[in-house]
Amino acid sequence: MRFPSISEITTTSVIQVPVSASVETALSLMLESNHRSIIVNDETCYRVFSATDILGMIEKGLALSIPLNKLTLPKVPIIKTNMNILDTLDYLNNSVEQCCVLDENDTFLGIITHTDIISNIDPDTLIENYRLRDFLKLGKRMKWTTKDVIIANLIPDMTKGSFDNLIIVEEMRPIGIFTTKDVMKLIQSGKNTNVPISAYMSTPVDVIHEDTSIKSALEFIREKHYKRIITVDDNNQLVGTIAQKELITLAYSSWTKLMKDYQSKLIEINDLLKHKKDEYASLAFTDSLTGLYNRHKFIELFHSSFRLMQQRQNSLSTILIDIDHFKKVNDSFGHNVGDNTLSKIAEFLLEKLRETDIICRWGGEEFLVLLPATNIEQAQNIAEKLRRKLEQTSFEKVKTLSASFGIAAVTNSDTLEDVINRADHALYLAKHNGRNCVKTQLNLL
Ligand code: GH3
Ligand code: MG
Ligand code: MG
């Protein structure tokens, strides 16, 4: 899962006009750049002027030559580049489509819209088995009409903002679409609006089946740069439309729910939702129960240590540790005590080993330690000390514990798999030898 930063997803090619400019200027800039809205630079804030505002003015009979500062335009929320993408979602709701992004010096960088989020969030993070059909059941979210309806009769409703697009159907099959942007173009060009909608609708229209998953739907609109999806059933009949922003809201609420379900099990996921980027990184490489490195991180660290070993011609060793009879701990005291004991063992290892040693929870009650600049004899001494100290440590409820240790030295021709196999074999010998002892790969010879 990857979280993009605010500056990574900011759209920087944004058109702006000063608040003193006329509506006409704003309109021609919008048409030139094919944008439905424009950022208005007011002295102390940013506002937005959109296609719907223009339609509203025409409806009220206002002249397009008036300056923007004569209109009451909504302020756009401001976010900073150091904010988190999750915070941005709090701003982007049904009434706010964009945020202005300022950098740490309060310089205007651009805007973030639903489109930016949609084209940057990995759809894999969203649930996959949600279908558009499930969403459409929540209510009819569409306006449709037949192709003979006269455009002029539709303008009052469109300017009221009751809908921003119309699907044109024939026997309920979508044949075209007509949006506020189309009305805006018509008005600007001074063309007669007393004509049937079929004269200016966009046709044919791309439709997708209502059984499509949310994931595929997101990919579809991302690829095609559509603002909305038109869904049909098996007979190609119109089922409903979903706006891009509704889709992202749905996807995000599912995603957030998923995270919340996790919370009860993993405290780190809780942190993930609350804190900033740094925490995301540590989550990816630590084991949730013990806080030690996880397997994934260990493998990464092994490779960098391996390179260093080759460069410096140092030695490098590993110790594989498996707690003896750990099943009995669970059986006698319960799984919670078992878990707690594993955390205490992790603390024990962190305390007894050197800062430079890399300690990982390799699996259930197995720990793997990588010892830089350590040869096999030194590793054996370290393991022997650990073994003795562990034997002498008293754990809450469980009291005494022991572990078996398998040691392998890393050679220049090794892969990680070779090393683990040797350590594992040495560990097997230790278990076979009655447990609570240290064996090295030499015993294999
Ligand atoms: P030995 O290694 O000495 O042969 O005996 P063992 O009882 O430790 O056996 P084994 O290593 O095969 O099994 C490990 C047991 O550790 C299995 C499971 O009950 C327990 N275990 C593994 N992971 C966890 C965990 O995360 N929490 C708890 N509580 N127990 C775990
Ligand atoms: Mg085991
Ligand atoms: Mg064991």
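For ligands, and for the atoms within them, numbers begin at 1 and follow the listed sequence. Along the sequence shown, residues are numbered consecutively beginning with 1.
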**Q** Note the single closest protein heavy atom to atom 8 (O) of ligand 1, along with its residue, its atom name and the distance in Å.
**A** Phe326 N, 2.8 Å
**Q** Starting from atom 28 (C) of ligand 1, which protein heavy atom do you reach first, and at what distance in Å?
**A** Asp339 OD1, 3.3 Å
**Q** Any salt bridge between Lys344 and Glu347, counting N to O under 4.0 Å?
**A** yes
**Q** Consider only side-chain N and O atoms of Tyr226 and Asp206, and report whether a donor and an acceptor are under 3.5 Å apart.
**A** yes
**Q** Nearest protein heavy-atom contact for atom 1 (P) of ligand 1: which residue, which atom, what distance?
**A** Lys431 NZ, 3.3 Å
**Q** Are Asp357 and Arg354 within salt-bridge range, i.e. N to O under 4.0 Å?
**A** yes
**Q** Taking only heavy atoms of His335, which atoms of ligand 1 are found under 4.0 Å from at least one of them?
**A** 27 (N), 28 (C), 29 (N), 30 (N)
**Q** Please determine whether a side-chain nitrogen of the Lys or Arg among Lys80 and Asp106 lies less than 4.0 Å from a carboxylate oxygen of the Asp or Glu.
**A** yes
**Q** Step through it carefully: locate the ring centre of Trp362, locate the ring centre of Phe367, and say whether they are under 6.0 Å apart.
**A** no
**Q** Which protein heavy atom lies closest to atom 26 (O) of ligand 1, and at what distance to 0.1 Å?
**A** Arg361 NH2, 2.6 Å
**Q** So that I can tick it off, tell me whether Glu300 and Lys297 are bridged by a salt bridge, with the cut-off set at under 4.0 angstrom between side-chain N and carboxylate O.
**A** yes
**Q** Which protein non-hydrogen atom lies closest to atom 10 (P) of ligand 1, naming both residue and atom, and how far is it?
**A** Lys327 NZ, 4.0 Å
**Q** If the cut-off is 4.0 Å to any non-hydrogen atom of Gly338, which atoms of ligand 1 fall inside it?
**A** 29 (N)
**Q** To check your reading of the model: name the closest protein heavy atom to atom 24 (C) of ligand 1, its residue, and the distance in Å.
**A** Leu342 CD1, 3.9 Å
**Q** Check for me whether His432 has a heavy atom closer than 4.0 Å to any atom of ligand 1.
**A** no
**Q** In terms of residue, atom name and distance, what is the protein heavy atom nearest to atom 16 (O) of ligand 1?
**A** Glu365 CG, 3.2 Å
**Q** For the residue pair Arg361 / Asn294, report whether a side-chain donor-acceptor contact shorter than 3.5 Å exists.
**A** no
**Q** Give the contacting part of Arg435 toward ligand 1: side chain, backbone, both or neither, where contact means a heavy-atom distance below 4.0 Å.
**A** side chain
**Q** Below 2.8 Å, which protein N, O or S atoms neighbour the Mg ion (ligand 2), ignoring water?
**A** Asp322 OD2, Glu365 OE2
**Q** Is the closest side-chain donor-acceptor distance between Asn165 and Lys227 under 3.5 Å?
**A** no
**Q** Could you work out, for atom 31 (C) of ligand 1, the closest of Asn330, Leu289, Asp322, Thr290 by heavy-atom distance?
**A** Asn330
**Q** Pick one: which of Ile376, Val419, Thr318, Ile407 meets side-chain contact (heavy atoms from CB on, under 4.5 Å) with Gln441?
**A** Ile376
**Q** We want to know whether Arg422 and Thr411 form a side-chain donor-acceptor pair, criterion being a heavy-atom distance below 3.5 angstrom.
**A** no
**Q** When you measure from atom 22 (C) of ligand 1 to every protein heavy atom, which one gives the shortest distance, and what is it?
**A** Gly364 CA, 3.5 Å
**Q** Answer with side chain, backbone, both or neither: which part of Ile323 has a heavy atom less than 4.0 angstrom from an atom of ligand 1?
**A** backbone
**Q** Can you find a side-chain donor-acceptor pair between Asn82 and Glu104 that sits under 3.5 Å?
**A** no
**Q** For Asp324 and Ser402, which I'm curious about, is there any donor-acceptor pair between the side chains at under 3.5 Å?
**A** yes
